Amino acid sequence: MPEFFQSLPSIKPLLIPFTYGFVGWVTNWLALKMTFYPIKFWGIPPYLGWQGIIPRKAHKMASKSVDIITGRLMNIQEVFSRVDPIRAEKEFLPSLDVSIKETMEEFVNSVDPKLWNLIPDIVKEEIYHKVRRECGFTIRNVIRRLQADITTLFDVKALVLKKLSGNNVGLVVELFQEVGAPEFRFIERSGFYFGFLLGLIQMVFYIYFPIWWTLPLQGVIVGYLTNYLALEMIFRPLLPKKIIGNYYYQGLFLKRQKQVSYLYAKLVAEKILTPKNVMEELIFGNAAEEILKLIKEAIIKQVDQMTLLAKPLLFATGKWENYELVKDRVALRMSADAVQNSSQLEAYLGEALQLEQTMGERMAALPAAEFESILRSAFQEDEMLLILVGAALGAIVGFCQIYLL
């Protein structure tokens, strides 16, 4: 046993490769965590603390995403041209049936509470069908109006920015994590492999030159190189490069371009440019006033038509002023119901717009340099910071090894 303990000093240098394999893994793991977390600033603002690189620059990254989506992946005019106004009417109109009947009765009762019960059911049905038909015309007109001027009425950039910034920065983190999941796992694991290999070199050096101050210096080198090499292997080379014989190598992220493209398109279509979000932007965004104006005008027109026979009676009884007031209120009620029931169009819009398929195909065809920026933009400006974090941690471990060895 004493002889065993006496041999420990000669065994300790053999721990160096494993120590630096651990260092490489920890530095890369921490670099990734610092890229994504914390979502909100942690510490004493504005400088004493940390916020994940992606959450901190969410607005800027969202702007880049908008440029990619609107500039290369989709043409908003082309996409909305796929919506069939007649099919949109078919999908949307049934949701207004109850509202039409309730509004008709409310209007008549507001003018004269006795009048509705005096109208024969067959006349009520005729009025209902006229109003319903006019509402159908309105829906088609709204869709055609949108298609004719969608770039003005639909601010896709504002929608994407709203969904990826502010209180929604978590979605940016989720987007990058899902798109680059295999690459981020590689960064984490490769830290150990690179650290172990570099540790072998350090071990040989230490055996022949056991100088204490070289340990922190070598730790800096290991921490720096493990992060640097991992990033290089993900993004370089951009195009397949012949290495030996028929063996070609390409950056790991670039090699997955087709798979990443369809995943990215799926996430954008399901979490950002969803039919629901598009409808909300159209109803409550730039198009709101235009759409409600069209709906209101069509409804008022129909209200006038359905009371054409009653107008002489209204004049004779002095209730015409009341009719004018009720007319506006009823039109607003119908407009509000139209907004509330707009979700009925969501399923059809998702089918018609084909955002996922369109964006996936075009993204898969992007040049390698443009495709690379989709993921690398997440941390490109702060790559050196992440690499230096690895170097600093390597130095700390190097100092710890002084006491171990």
Side-chain angles (χ1 to χ4, degrees), residues 62 65-99 135-136 138-168 170-172 174-175 178-179 261-292 294-295 334-363:
S65 298
V66 169
D67 294 338
I68 293 171
I69 292 170
T70 59
R72 301 305 304 271
L73 304 186
M74 63 176 284
N75 180 308
I76 196 68
Q77 194 86 42
E78 173 193 340
V79 166
F80 269 86
S81 69
R82 298 170 184 162
V83 178
D84 179 5
I86 297 177
R87 174 76 185 278
E89 175 194 350
K90 180 181 177 182
E91 297 293 333
F92 186 38
L93 194 54
S95 66
L96 293 180
D97 284 346
V98 174
S99 177
C135 287
T138 301
I139 294 169
R140 276 182 264 170
N141 289 337
V142 167
I143 297 298
R144 292 189 180 105
R145 174 78 174 88
L146 288 173
Q147 290 175 329
D149 199 17
I150 190 64
T151 54
T152 301
L153 296 175
F154 180 45
D155 192 347
V156 64
K157 183 171 184 176
L159 174 58
V160 177
L161 287 175
K162 181 169 62 179
K163 295 300 178 182
L164 292 179
S165 58
N167 294 327
N168 299 319
L171 183 55
V172 185
E174 183 182 347
L175 185 65
E178 291 198 36
V179 169
S261 297
Y262 284 98
L263 175 59
Y264 182 87
K266 178 180 176 65
L267 292 172
V268 171
E270 291 182 352
K271 299 187 177 184
I272 301 174
L273 292 176
T274 66
K276 180 179 180 180
N277 289 343
V278 171
M279 286 299 302
E280 287 180 352
E281 185 68 19
L282 288 173
I283 297 298
F284 301 110
N286 291 341
E289 186 175 348
E290 293 288 334
I291 291 175
L292 295 183
L294 286 171
I295 294 174
M334 284 291 290
S335 297
D337 286 345
V339 172
Q340 184 177 0
N341 290 293
S342 62
S343 60
Q344 301 296 325
L345 271 174
E346 288 177 25
Y348 171 61
L349 278 181
E351 173 190 333
L353 298 180
Q354 301 174 16
L355 289 178
E356 182 178 337
Q357 180 182 346
T358 300
M359 290 189 294
E361 291 175 353
R362 293 183 180 177
M363 188 171 174

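Count residues from 1 along the sequence. In this text, all values refer to a predicted model and were calculated from it rather than measured experimentally.
- Contact of the Val83 side chain with the Leu353 side chain is registered, since non-hydrogen atoms from C-beta on lie closer than 4.5 Å.
- When the side chain to side chain contact (heavy atoms under 4.5 Å, CB included) test is applied to Ile86, the partners found at least two apart in sequence or on another chain are Asp84, Arg140.
- Between Glu351 and Arg87, the closest side-chain pair of non-hydrogen atoms falls below 4.5 Å.
- Side-chain contact between Phe154 and Val79 is absent, with no heavy atoms from C-beta onward closer than 4.5 Å.
- Nearest heavy-atom pair across Val179 and Leu263 is CA-CD2, 4.0 Å.
- The only option from Asp149, Ile150, Asp155 that meets the side-chain contact (heavy atoms from CB on, under 4.5 Å) definition with Thr152 turns out to be Asp149.
- Partner of Val156 under the side-chain contact (heavy atoms from CB on, under 4.5 Å) criterion, out of Ile272, Val278, Leu273, Leu161: Leu273 alone.
- For the residue pair Met74 and Arg362, the shortest heavy atom distance occurs at CA-NH1, 3.7 Å.
- Between Glu356 and Ala265, the closest heavy-atom pair is O-CB, 3.4 Å.
- Taking CG of Asn141 as the reference point, atom CD of Glu89 lies at 10.0 Å (rounded to 0.5 Å).
- In this structure, Lys162 NZ and Asn277 CG are separated by 8.0 Å, a value rounded to the nearest 0.5 Å.
- Scanning for ring pair (Phe, Tyr, Trp, His ring centres under 6.0 Å) contacts around Tyr348 gives an empty result, with sequence neighbours left out.
- Side-chain atoms of Gln147 never come within 3.5 Å of backbone atoms of Gln77 as a donor-acceptor pair (strictly under, hydrogens ignored).
- Checked against side chain to side chain contact (heavy atoms under 4.5 Å, CB included), Glu270 has the following partners two or more places apart in sequence or in another chain: Lys266.
- Between Val268 and Leu355 the shortest side-chain heavy-atom distance does not fall below 4.5 Å.
- Note that the CZ atom of Arg82 and the OG1 atom of Thr358 stand 3.5 Å from one another [nearest 0.5 Å].
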* Full working for side-chain contact (heavy atoms from CB on, under 4.5 Å) between Tyr262 and Glu361 -> CA-CA 7 Å; Tyr262 284 98; Glu361 291 175 353; 3.4 Å; yes
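- For Gly360 against Ser261, the heavy-atom pair with the smallest separation is O-CB, 3.6 Å.
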